Undergrad: 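Shown below is the structure under consideration.
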Amino acid sequence: MTAALLAGMTPARLDAIAPERLPALLRLMPKAELHIHIEGSLEPELIFRLAQRNGVTLPYADVEALRAAYAFTDLQSFLDIYYAGASVLLKEQDFFDMAWAYLEKAAADNVVHAEIFFDPQTHTARGVPFETVIKGLNHAVHRAHAELGVSAKLILCFLRHLSEEEAFATLEEALPWRHHFIGVGLDSSEVGHPPSKFERVFARCRELGLHIVAHAGEEGPPAYIVEALDLLQSERIDHGVRSLEDPALVARLAAARTPLTVCPLSNVKLCVFDDLTQHNIGALLDAGLCAMVNSDDPAYFGGYMNQNFVELFAAQPQLTARHAYQLALNSFEASFVDADQKRVWQHRLDAVFAAG
Ligand code: ADE
Ligand code: ZN
């Protein structure tokens with residue numbers, strides 16, 4: 001990790017912070033979350049409440065039985081349950097309730113800004129209108145700003161296991177709501193569905209002035225990250241942990257400061273790493289990459305933002321206050337807000353670390 005990347009705090013001041021203070025600082029520090037699938041924040045209790053409200057029958061007896069099914073072997077084994085869980089979402093109020101529950105938890109974790117993924121195709125395929133989805137989410141986003149002081153934006157994700165034609169149709173449906181989301185992403189089953197499959201869809205999205213992000217290098221090879229950069233012109237890479245297998249790619253990502261939205265607990269739950277001691281986020285930072293911590297699908301993977309930070313740092317004692325500060329700073333640098341807003345949050349971050 002290069003000292004040049006540090007902003008208001010000097011390395012010496014960060015090094016003077018006692019290690020015992022680190023867990024409290026991780027919780028207290030302001031941070032942005034840039035990789036959260038709102039459908040992945042649906043807790044089992046809310047799934048059962050919405051199922052009852054909407055008359056949906058679930059193939060699980062109760063909350064405990066559902067939670068017991070959260071033993072994943074890879075990305076696909078998770079996605080099968082994640083899409084089943086989303087089947088209880090039918091009404092605008094359901095989408096509001098889901099997003100509001102996440103935003104309250106984010107506020108409690110000192111997340112000051114969230115760029116939230118949503119998967120419209122998961123819902124429109126079940127006959128839920130796009131309008132229902134976006135209105136419910138948008139209501140929660142606006143209320144969070146007013147009542148929780150959390151700024152939030154929406155990013156529409158295309159499901160990569162579906163076709164290019166279906167992605168284009170979804171974009172068409174979304175256009176009347178163009179100003180309710182800031183960008184588009186690419187998620188779902190990675191291997192076998194390379195970014196090249198959606199090159200033309202993303203070209204159209206860029207013409208529309210949308211921000212571009214894409215999942216790549218979670219389970220898929222570094223070549224998928226290269227495709228996301230070259231063919232989609234992705235501004236951030238979601239996950240990207242497999243980039244370390246390709247030194248030329250690492251050099252490219254570092255030079256361009258292309259952010260990697262890394263999700264430690266997710267990577268362990270989906271068996272990308274055996275456990276948190278093996279996670280490579282420290283190596284990504286030390287290689288000069290703009291990596292930061294995110295929760296991905298917190299209801300399924302064992303925790304929200306602060307849980308990710310606290311468990312990661314507990315598992316890797318070599319991570320210090322410098323790393324904590326850098327991760328928070330990177331989250332602001334990588335966000336799609338203007339430079340003035342980034343400076344405001346950076347000053348808040350400095351104030352927390354200055355108080356030690
Ligand atoms: N959709 C929700 N979570 C995902 C993940 N971790 N990877 C790809 N698609 C997803
Ligand atoms: Zn994800």
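In listed order, ligands and their atoms are each counted from 1. On a predicted model such as this, the values are computed, not experimentally measured, just so you know.
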Undergrad: Do Q318 and H323 have side-chain atoms, one donor and one acceptor, less than 3.5 Å apart?
TA: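 Side chains of Q318 and H323: no pair found under 3.5 Å.
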Undergrad: Sorted by first residue and then second, give each side-chain hydrogen bond (donor to acceptor under 3.5 Å, both in side chains) pair with at least one member in residues 172-184; sequence neighbours left out.
TA: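 Every pair satisfying side-chain hydrogen bond (donor to acceptor under 3.5 Å, both in side chains) with a residue in residues 172-184: N138-H180.
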Undergrad: Residue by residue, ordered by chain and number, which ones reach under 4.0 Å of ligand 1 with a heavy atom?
TA: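 The 4.0 Å shell around ligand 1 contains H37, L75, F78, L79, Y82, D187, S188, H215, E218, H239, D296, D297.
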Undergrad: Would you please say whether a donor-acceptor pair under 3.5 Å links the side chains of Y83 and S188?
TA: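 Result is yes, a qualifying pair exists.
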Undergrad: With ring centroids as reference points, do F78 and Y300 lie under 6.0 angstrom apart?
TA: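 Yes; Y300 has its ring centre under 6.0 Å from that of F78.
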Undergrad: Any pair with a residue in residues 290-299 that passes side-chain hydrogen bond (donor to acceptor under 3.5 Å, both in side chains), sequence neighbours left out, goes on the list, sorted by first then second residue, please.
TA: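 The answer is E33-S295, H35-D296, H37-D296, H239-D296, S266-D296.
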Undergrad: Taking side chain as C-beta onward, heavy atoms only, is K31 less than 4.5 Å from N306?
TA: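 Heavy-atom side-chain distance check passes, below 4.5 Å.
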Undergrad: Tell me whether K197 contacts the main-chain N or O of R160 through its side chain, where contact means a donor paired with an acceptor under 3.5 Å.
TA: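 Such a contact is found between K197 side chain and R160 backbone.
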Undergrad: Closer than 2.8 Å to the Zn ion (ligand 2), what protein N/O/S atoms do you find?
TA: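 The answer is H35 NE2, H37 NE2, H215 NE2, D296 OD1.
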Undergrad: Before giving the answer on side-chain contact (heavy atoms from CB on, under 4.5 Å), spell out for D74 and C271 the whole-Å C-alpha distance, their side-chain angles and the decisive distance to 0.1 Å.
TA: CA-CA 6 Å; D74 58 11; C271 307; 5.9 Å; no
Undergrad: Cation-pi between R236 and F336: NZ/CZ under 6.0 Å from ring centre and within 45° of the ring axis?
TA: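 Ring-cation test returns yes.
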